[in-house]
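Worksheet: one structure, shown below.
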Protein chains: 2
Amino acid sequence: MMNVETALQKLKEKGYKRTKQRERILEIFVKQDQYIAAKEILKEIQNDFPGVSYDTIYRNLYMLTDVELLESTELGGEKHFRLCCETQGHHHHFICTDCGKTKSIEFCPMNSIEENLNGYNVENHKFEIYGKCPRCI
Amino acid sequence: MMNVETALQKLKEKGYKRTKQRERILEIFVKQDQYIAAKEILKEIQNDFPGVSYDTIYRNLYMLTDVELLESTELGGEKHFRLCCETQGHHHHFICTDCGKTKSIEFCPMNSIEENLNGYNVENHKFEIYGKCPRCI
DNA sequence: AATTTAATTCGTAATCATTCTTATTTGAGA
DNA sequence: TCTCAAATAAGAATGATTACGAATTAAATT
C-alpha cells in the first residue's frame, strides 16, 4: 500500500519539489479507497490552506497521474482521481454509484479480443462496472 | 440500418412531434458511423436553421437517447452520440482516436465476471477500446 | 546563513460544455 | 380553422476546467 513518504520520494526522483500542498493532497488520497473529484480535494485542503486555487489542485492531480501515482476516470461529467492500486497489476473497477467505493476486478477483457483487432492499433481501453455495493443495496 | 423515416415513426408512436429540427438531427446521425459531439451537430444544423440553440440540440439528443435511437458516451470531456447499431444486440466499440470511426466488438466482458460480483448490484458498465484504425495508422 | 534560480502557488479571469428561463412559435388533434 | 401542449429561440446562468501574471517558496549553491 502506497504511503505519503514513498510517494514524495518518487516525486523527488523525478525532479519535483516537496511542497506542503502536495503532501496534503497525497495524504487525502492515501486515506481513501475511492475516486475523488477535484472540488472535493480543494474543499479538504482549504482547511489547511485557505488560499489554494484550482490551478494548484489540477496541476498536481495531472502531474501525479503523469508519474503514475494516481489514475483518473470521468464520472458524471467530472474527472475523478484515485491512488493507483499497485498491489495488483493491471486491473479494472466496480464503482458504487452510492458511496463511491470501489472493488477491483482482476479480469481484463482485452486478452479475450486481440484476434478481433487485427490491423488496429490499440492505445488504451476502459472497462468499468457501475452499481451498488453490498453495503449500499 | 435505421433510416430517418423509421426513426420519426418511432418518435410518433412515443408521442413526440415531428419537427424539421428533429428530422435534420436524425439525418446527420444516419449518415455517420461515429460518435458526434453536440457542438458538431449544432454547427451542421446551423446551415439550415441559423437560429438553433444548444437547448434544442441537447434536449433532442437526450430524448433520442431515452427512446434508444441514440447511444452516448463521454469522450475527452464531451458527451458524444451515435445512432444505436441495431443490427447486433448488446455490444461495445473500438473508437479511432484520429478519425472517430468505430468498429463493433461483439464480445461483452460482463458475461465472464458475474461470479466475481456476488452481493453486488450491477446497474451498468462501460467497455471501450481506443486507438488507430487501419486507415489512420 | 545568505543568495540564487527555477518551480510552484495564488488570485483571478477566461473558456468551454451544459443547463436553465422566458417568451414565442409550431405541430397535431378537435 | 382553432386550440393547446410541446417544442424552439435567445440569451443568461452555472459549473468544471484552464490560463496567466505576480508573488512566494524549495532546494541547490555560494
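Below, chain A is the first sequence line, B the second, and so on; all start at residue 1.
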> For DNA chain D, what residues of residues 38-48 of chain B have any heavy atom nearer than 4.0 Å?
Replying inline: none
> So which of residues 7-21 of chain A are in contact with DNA chain C, with a heavy-atom cut-off of under 4.0 Å?
Replying inline: A:Tyr16, A:Lys17, A:Thr19, A:Gln21
[X] [atom1] to [N] [atom2]: how many Å, rounded?
X       : N      : atom1 : atom2 : answer
B:Tyr58 : D:dT14 : OH    : P     : 18 Å
B:Glu78 : D:dA16 : CD    : P     : 17 Å
A:Leu75 : D:dA16 : CG    : P     : 14 Å
B:Glu23 : D:dT8  : CD    : C1'   : 15 Å
A:Met63 : D:dT18 : CE    : P     : 15 Å
A:His80 : D:dA16 : NE2   : P     : 10 Å
B:Leu61 : D:dA7  : CG    : P     : 14 Å

> For residues 109-122 of chain A, which residue pairs qualify under side chain to side chain donor-acceptor pair (under 3.5 Å), counting only residues two or more places apart or in two chains?
Replying inline: none
>> Using every non-hydrogen atom in the two residues, find where A:Gly119 and B:Pro134 come nearest and quote the distance to one decimal.
In response: O-CG, 3.2 Å
> Can you name the residues that form a ring-ring contact (aromatic ring centres under 6.0 Å, His included) with B:His125, not counting sequence neighbours?
Replying inline: B:His90, B:His92
>> Please confirm whether the shortest side-chain N or O distance from B:Thr56 to OP1 or OP2 of D:dA9 is below 4.0 Å.
In response: yes
Mind checking what makes side chain to side chain contact (heavy atoms under 4.5 Å, CB included) contact with [X], not counting sequence neighbours?
X        : result
A:Glu128 : A:Tyr35, A:Thr73, A:Leu75, A:Ile95, A:Lys126, A:Tyr130
A:Gln9   : A:Glu13
B:Lys12  : none
A:Glu44  : A:Arg24, A:Ile28, A:Asn47

> Within the structure shown, what part of the strands sits under 4.0 Å from B:Asp55 by heavy-atom distance: base, sugar-phosphate, or nothing?
Replying inline: base
> Which part of the nucleic acid, if any, lies within reach of B:Arg22 when heavy atoms closer than 4.0 Å are counted: base, sugar-phosphate only, or nothing?
Replying inline: sugar-phosphate
Can you name the salt bridge (charged side-chain N to carboxylate O under 4.0 Å, His left out) partners of [X], sequence neighbours left out?
X       : result
B:Asp33 : B:Arg82
A:Glu71 : none
B:Lys39 : B:Glu78

> Any donor-acceptor pair under 3.5 Å linking the side chain of B:Lys17 with the backbone of B:Leu11?
Replying inline: no
> 5' to 3' on DNA chain C, which nucleotides open and close the contacts with chain B (atom under 4.0 Å from a heavy atom)?
Replying inline: C:dA17 to C:dA28
